[in-house]
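Residue numbers start from 1 in every chain, and the chains themselves are labelled A, B, ... in the order their sequence lines are given, proteins ahead of strands.
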Amino acid sequence: MTEGMTESVKQQSAPAGDESRNAAPSSGLGIALAATLRRDLVLMLRYRGEVLNPLVFFALVITLFPIGISPDPELLQRIAPGLLWVAALLAALLSLDSLFRGDFDDGSLEQLLLAPQPLAALSLAKVAVHWLLTGLPLALMAPLLGVMLSLPPGSYSILSLSLALGSASLSLIGAIGAALTVGLARGGVLLSLLVLPLYIPVLIFGAGAVQAAIMGDGAGAHLAILGALLAASLALAPWGIAAALRISING
Amino acid sequence: MSLCLQARNLACERDDRSLFADLDVDIQGGEVVRVEGPNGCGKTTLLKILSGQLGDYSGALFWNGRPMQDVRDAFLRHLLYLGHAPGVKAGLSPLENLVWYQALSGERSSEDRRLDALANVDLAGFEDVPAGQLSAGQQRRIALARLKLTPRALWVLDEPFTAIDRNGVAALEATLLDHARAGGSVIVTTHHELAASPLLRRLPLGESMQPSAEA
């Protein structure tokens with residue numbers, strides 16, 4: 001064992017400026033990203049309750065509205081886009097708090113920060129898992145709940161598409177807040193306060209897309225803006241998340 | 001051996017209380033440095049500063065003679081830090097935990113090396129048991145398996161002996177000394193008495209500086 005160690009130490013202790021070693025991290029990044037994606041997916045699927053919680057919340061809220069307001073199809077159809085979007089947004093927000101919490105509690109987060117890989121890319125992998133198991137299922141489930149709100153069938157695909165695009169932005173923006181509040185014992189309320197104002201543009205254009213689809217207008221413009229919001233958050237949020245994680249760990 | 005970590009005029013304050021000031025630390029290859037002092041004297045904080053995790057200090061850090069902020073990536077590629085929390089996921093098996101750490105460190109994935117590393121910390125036979133079902137000592141051993149799994153020159157270990165049984169402590173002590181003998185270096189905090197060795201150096205911390213107080 002000692003011999004093996006000697007060799008490996010020699011290998012590792014090459015001068016810091018050694019250019020030949022600089023090729024390693026970039027090729028290692030793909031491996032690290034794949035492993036992080038895989039690890040988080042396996043973990044989330046083992047704790048199914050965390051995946052199901054937002055979906056059940058979404059279904060419950062939407063089920064209660066026809067009972068609480070009125071079963072009148074015309075009224076429901078008018079408020080359906082907003083209702084579906086608000087409920088999905090809150091469901092996604094609920095699940096955000098646990099995004100980095102587990103890793104913070106068991107020390108994995110400090111290991112993530114000490115990995116010789118760009119933190120922005122690694123945190124993007126974590127957000128991708130969050131979207132795959134929260135935003136995407138919410139988007140796929142929404143048409144089912146749309147039936148309950150007598151949403152016209154023609155708008156189902158737009159509803160799913162707008163939620164899929166929008167929830168990706170929500171996950172990315174929300175992760176900045178989650179990273180900022182991960183060090184606090186009860187960061188949930190603060191997280192909502194921080195993140196909700198930033199969610200409003202996504203909500204406006206998301207609900208607008210479904211509304212337009214019901215009216216028979218083209219939803220293309222709304223979807224394009226949702227796409228633009230996603231592109232912007234995809235480009236900027238990872239840096240915000242990485243910086244926020246550093247601040248949280250520092251504190 | 002080019003390994004060299006230096007700190008100059010290090011000072012750190014927490015909640016208006018000065019933990020240490022004017023601290024100079026020199027860590028070369030081939031030694032085990034034990035940071036010692038009473039509880040709350042800033043051992044963990046010093047380790048976090050030296051491993052580049054905390055920015056909340058005054059003074060300067062140098063890695064191989066160059067300022068830390070310029071060579072942080074190179075430094076991280078030579079660093080293995082084990083903190084208070086073992087960084088082990090309860091929902092994953094020991095093997096799955098190591099898969100992630102191996103990938104994160106940029107090493108090629110190798111099942112043989114992971115099994116070897118687990119056997120090395122006496123976890124053979126527990127490879128596929130969820131870590132949450134293992135004892136605290138066994139979870140700590142999963143983290144310690146990384147010492148062998150991902151070879152790094154500089155080990156920064158915060159209380160690595162916590163929850164480890166007597167045999168494990170002896171084996172870990174031997175591993176630390178072997179690492180120093182091979183040219184690597186170890187910075188460690190522990191309340192466990194390490195056997196005297198020419199490779200072992202003490203770094204007392206805290207204003208009281210009473211080495212006997214903790215024994």
**Asked** Which answer fits B:Leu92, side chain, backbone, both or neither, if we ask what part of it has an atom under 4.5 Å from a heavy atom of chain A?
**Response** both
**Request:** Tell me, for B:Gln53 versus chain A, whether the close heavy atoms (under 4.5 Å) come from the side chain, the backbone, both or neither.
**Result:** both
Residue part contacting chain B, namely of [X], when any heavy atom lies under 4.5 Å:
X	result
A:Leu114	both
A:Asp105	backbone
A:Leu112	both

**Prompt:** Between A:Gln111 and B:Tyr81, is there a donor-acceptor pair closer than 3.5 Å when you use the side chain of the first and the backbone of the second?
**Reply:** yes
**Prompt:** So, does A:Arg39 use its side chain to make a donor-acceptor pair with the main chain of B:Trp100 at under 3.5 Å?
**Reply:** no
Heavy-atom pair with the smallest gap, counting every atom of [X] and [Y]:
X	Y	answer
B:Leu54	A:Ile249	CD2-O, 4.3 Å
A:Ala115	B:Leu104	CB-CG, 3.4 Å
A:Asn250	B:Gly55	OD1-N, 2.9 Å
A:Pro116	B:Arg152	CG-NH2, 4.1 Å

**Message:** Does A:Arg38, at its CZ atom, have more than 12 non-hydrogen atoms belonging to other residues, nucleotides or ligands within less than 6.0 Å?
**Reply:** no
If we define contacts as heavy-atom pairs under 4.5 Å, which of [options] has the most with chain B?
options	answer
A:Leu109, A:Asp103, A:Leu43	A:Leu43
A:Leu33, A:Leu113, A:Thr36, A:Val42	A:Thr36
A:Ala35, A:Pro118, A:Ala34, A:Ser108	A:Ser108

**Complete:** Given B:Gly87, B:Ser51, B:Ala143, the one with more heavy-atom pairs under 4.5 angstrom with chain A than any other is B:Gly87
**Prompt:** With respect to chain A, which residue among B:His84, B:Arg72, B:Lys89 yields the maximal number of heavy-atom pairs within a distance under 4.5 Å?
**Reply:** B:Lys89
**Message:** Any heavy-atom pair between the side chains of A:Ile31 and B:Gln102 that's under 4.5 Å?
**Reply:** no
